[in-house]
Amino acid sequence: QVQVVESGGGLVQPGGSLRLSCAASGSISSIYTMGWYRQAPGKQRELVAQIFSTGGSTNYAENVLGRFTISRDNAKNTVYLQMSSLKPEDTAVYYCRVYSISGLYWGQGTQVTVSS
């Protein structure tokens, strides 16, 4: 059994910040990548950012570059997403994705709403 649990979502005003966390636990080993995806109403799920276990290299969606920062704690199998300068178009359910030698796992999602 593998559990992927996100936290940190909520309501924030435009220009504000939020930090999301995601912890993977259970029978999971050799994680290759951990990442964040998001899905807005009526839209497809899209990659926001991901980070590789080896070397710590990162990928970002173009529309979050310079505003979002992904980081991870390998010892805790935890990944973070620091979001700054948030915009209304960042409103979505944010999902954590864990890709490991054991398989591919998703969290249940956490809602982020950017509104005044």
Side-chain angles (χ1 to χ4, degrees):
Q1 286 273 346
V2 174
Q3 296 81 40
V4 178
V5 180
E6 305 103 334
S7 60
L11 173 64
V12 64
Q13 292 187 341
S17 299
L18 277 178
R19 187 192 194 213
L20 305 182
S21 300
C22 167
S25 61
S27 302
I28 190 167
S29 61
S30 299
I31 293 177
Y32 299 133
T33 65
M34 298 184 77
W36 292 94
Y37 287 68
R38 67 186 182 186
Q39 187 167 19
K43 295 188 177 181
Q44 289 189 331
R45 191 173 297 188
E46 61 177 4
L47 171 69
V48 177
Q50 68 175 356
I51 185 166
F52 291 79
S53 297
T54 304
S57 61
T58 57
N59 291 330
Y60 291 93
E62 191 171 331
N63 55 8
V64 306
L65 272 173
R67 301 188 298 120
F68 291 10
T69 302
I70 190 170
S71 60
R72 64 181 289 172
D73 183 335
N74 287 341
K76 297 180 179 179
N77 286 340
T78 299
V79 65
Y80 307 95
L81 185 68
Q82 179 66 48
M83 304 184 293
S84 303
S85 302
L86 283 160
K87 304 175 181 180
E89 51 263 44
D90 294 317
T91 295
V93 178
Y94 284 69
Y95 296 92
C96 179
R97 176 184 181 267
V98 178
Y99 177 44
S100 77
I101 194 171
S102 309
L104 182 63
Y105 306 96
W106 291 89
Q108 81 287 350
T110 185
Q111 177 70 46
V112 172
T113 302
V114 185
S115 175
S116 55

Notebook entry, point to check: Which pairs pass ring-ring contact (aromatic ring centres under 6.0 Å, His included) with one or both residues in residues 58-104, sequence neighbours excluded?
Noted result: Tyr32-Tyr99

In the structure I gave you, are the side-chain heavy atoms of [X] and [Y] within less than 4.5 Å of one another anywhere?
X: Val98; Y: Asn77; result: no
X: Arg97; Y: Cys22; result: no
X: Asp90; Y: Met83; result: no
X: Ser17; Y: Ser84; result: yes
X: Asn63; Y: Lys87; result: no

Next item on the list: Give a yes or no on whether the backbone of Val114 and the side-chain of Thr91 come within a donor-acceptor separation of less than 3.5 Å.
Entry: yes

Note to self: So does Gln108 get a backbone contact from the side chain of Glu6, meaning a donor-acceptor N/O pair under 3.5 Å?
What the structure shows: yes

With the 4.5 Å side-chain cut-off for hydrophobic clustering, are [X] and [Y] part of the same group?
X: Val48; Y: Ile51; answer: yes
X: Val93; Y: Trp106; answer: yes
X: Tyr105; Y: Leu81; answer: yes
X: Leu18; Y: Leu65; answer: yes
X: Ile101; Y: Val4; answer: no

Quick check: closest heavy atoms across [X] and [Y], and the distance to 0.1 Å?
X: Cys96; Y: Val79; result: SG-CG1, 3.9 Å
X: Arg72; Y: Phe52; result: NH1-C, 3.9 Å
X: Ser21; Y: Trp36; result: O-CH2, 3.5 Å
X: Arg67; Y: Ser85; result: NH1-O, 2.9 Å
X: Thr33; Y: Ser53; result: N-OG, 4.4 Å
X: Ala92; Y: Gln111; result: O-NE2, 3.4 Å

Next item on the list: Might you confirm whether atom CD of Glu89 has over 12 heavy atoms from other residues, nucleotides or ligands at distances under 6.0 Å?
Entry: yes

Please report the interatomic distance [atom1]([X]) to [atom2]([Y]), rounded to the nearest 0.5 Å.
X: Asn59; Y: Ser57; atom1: CG; atom2: OG; value: 6.5 Å
X: Lys76; Y: Ser25; atom1: NZ; atom2: OG; value: 14.0 Å
X: Gln39; Y: Glu46; atom1: CD; atom2: CD; value: 9.5 Å

Checklist line | Working for side chain to side chain contact (heavy atoms under 4.5 Å, CB included), residues Val64 and Arg38 | finding: CA-CA 12 Å; Val64 306; Arg38 67 186 182 186; 4.1 Å; yes

Margin query: As a quick check of understanding, evaluate side-chain hydrogen bond (donor to acceptor under 3.5 Å, both in side chains) for Gln82 and Thr69, giving each step before the final call.
Written below: CA-CA 5 Å; Gln82 179 66 48; Thr69 302; over 6 Å; no

